[in-house]
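A quick write-up on the structure given underneath.
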Amino acid sequence: MRVIGVAVVSLALISLAQSVDAASRDSSPMKRILILGDSLSAGFALRPNQAYPALLTEKLRAANLSFEIINASQSGGTTEGGLHRLPAHLPPKADKIDIFILELGINDAFRGVPIVEIRSNLQAIVDQVKARNPNVRIIIAGMQLPNYASDDYVFAFGQMYADLAAKNNAALIPYLLEGVSGDPLLNEPDRVHPNAAGQKILVENVWRVLEPIARETATRPSARVQ
């Protein structure tokens, strides 16, 4: 009976040790999502909590996914400006970005910046994020120009995002403004920037791509450097 009792105690201790180990793993540092975008992600003319990055926080919480969102978006942002701004938003060396959402380029296109230059800046941004965060998952938010001039530039601009996603093994949001662009009920009076109702559609466009990546990322060991 004494041998059986010792065995039972031993099994209990092993179980307790496994529970403590699991709890330790579960208490790993919160993972991070960095969003680098322009006015579409900054929530132009809206309160911060009405923009899709804040709405993503609510969706992540509802899905029991523990992520911190860093919104490094700026109204009027261009790819060149984003490249210059990026270093200030990357965390210290001891911390890492787990998911990176890149939403830039439309302001370049409105200015007529050559596609090759836009693509080069976006690639440089991706390269810089990867250099600091080798295991980062990247999501590229695709954009399209209005079909007022369906020429080579318009086609090349839209295709650029798919090409970048394929080159960098990144996930692609085919068109961030899908279901919003051109609808006066979903945009500010300028008919360019989504209003609060439009942002609720944007968050769904992003969430369809982000959710499976966030769930997979949540199961990985923390990217924090010990």
If Ile, Leu, Val, Met, Phe, Trp and Tyr residues are connected whenever their side-chain heavy atoms lie under 4.5 Å apart, and connections chain through other members, are [X] and [Y] in the same group?
| X | Y | answer |
| --- | --- | --- |
| Leu202 | Phe44 | no |
| Leu40 | Val192 | no |
| Met143 | Ile138 | yes |
| Leu172 | Tyr52 | yes |
| Val154 | Leu164 | yes |

Exercise: identify the closest heavy-atom pair between [X] and [Y]:
| X | Y | result |
| --- | --- | --- |
| Pro194 | Glu188 | O-OE2, 4.0 Å |
| Leu176 | Asn205 | O-ND2, 2.9 Å |
| Asp38 | Gly105 | OD2-N, 4.4 Å |
| Ala54 | Pro48 | CB-O, 3.4 Å |
| Asn187 | Gly182 | ND2-N, 4.0 Å |
| Gly179 | Leu186 | O-CD1, 3.2 Å |

Are the side chain of [X] and the backbone of [Y] linked by a donor-acceptor contact shorter than 3.5 Å?
| X | Y | answer |
| --- | --- | --- |
| Glu178 | Tyr175 | no |
| Lys96 | Arg132 | yes |
| Arg119 | Met160 | no |
| Arg137 | Glu216 | no |
| Lys31 | Arg220 | yes |

**Request:** Among Asp98, Leu90, Ile69, find the residue that satisfies the side chain to side chain contact (heavy atoms under 4.5 Å, CB included) test when tested with Leu34.
**Result:**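 Between Leu34 and the candidates, side chain to side chain contact (heavy atoms under 4.5 Å, CB included) is satisfied uniquely by Leu90.
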**Request:** Applying side-chain hydrogen bond (donor to acceptor under 3.5 Å, both in side chains), name anything that partners Arg215, two or more places apart in sequence or on another chain.
**Result:**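 Counting only residues at least two positions away or on another chain, Arg215 forms a side-chain hydrogen bond (donor to acceptor under 3.5 Å, both in side chains) with Glu211.
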Nearest-0.5 Å distance that lies between atom [atom1] in [X] and atom [atom2] in [Y]:
| X | Y | atom1 | atom2 | result |
| --- | --- | --- | --- | --- |
| Ser181 | Ile201 | OG | CD1 | 11.5 Å |
| Thr217 | Asn135 | OG1 | CG | 10.0 Å |
| Gln74 | Ser41 | CD | OG | 12.0 Å |
| Ile125 | Gln123 | CD1 | CD | 10.0 Å |
| Asn133 | Ile99 | CG | CD1 | 12.0 Å |
| Glu103 | Ile140 | CD | CD1 | 12.0 Å |

**Asked** In terms of heavy-atom contacts, does CG of Asp190 have more than 12 from other residues, nucleotides or ligands at under 6.0 Å?
**Response** yes
Could you check if a side-chain atom of [X] sits within less than 4.5 angstrom of a side-chain atom of [Y], using non-hydrogen atoms only?
| X | Y | value |
| --- | --- | --- |
| Asn168 | Lys130 | yes |
| Phe155 | Asp152 | no |
| Leu145 | Ile106 | yes |
| Phe67 | Thr57 | no |
| Trp207 | Ile173 | no |

Sequence neighbours left out, what passes side chain to side chain contact (heavy atoms under 4.5 Å, CB included) with [X]? Give chain and number order.
| X | value |
| --- | --- |
| Glu68 | Met30, Arg32, Ile70 |
| Ala166 | none |
| Thr78 | Glu80, Asn107, Asp108, Arg111 |
| Ala171 | Ile139, Val209, Ile213 |

**Request:** Check step by step if side chain to side chain contact (heavy atoms under 4.5 Å, CB included) holds for Leu46 and His193.
**Result:** CA-CA 10 Å; Leu46 300 173; His193 297 96; over 6 Å; no
**Request:** Look at the rings of Phe157 and Tyr161 and say which category their plane angle falls in: under 30° parallel, 30 to 60° tilted, over 60° perpendicular.
**Result:**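 Aromatic pair Phe157/Tyr161 classed perpendicular.
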**Message:** Applying side chain to side chain contact (heavy atoms under 4.5 Å, CB included) to Leu56 and Ile33, what does each step give before you reach the verdict?
**Reply:** CA-CA 10 Å; Leu56 280 179; Ile33 299 173; over 6 Å; no
**Request:** If a pair satisfies side chain to side chain donor-acceptor pair (under 3.5 Å) and one of its residues is in residues 194-204, list it, with sequence neighbours excluded.
**Result:** Lys59-Glu204
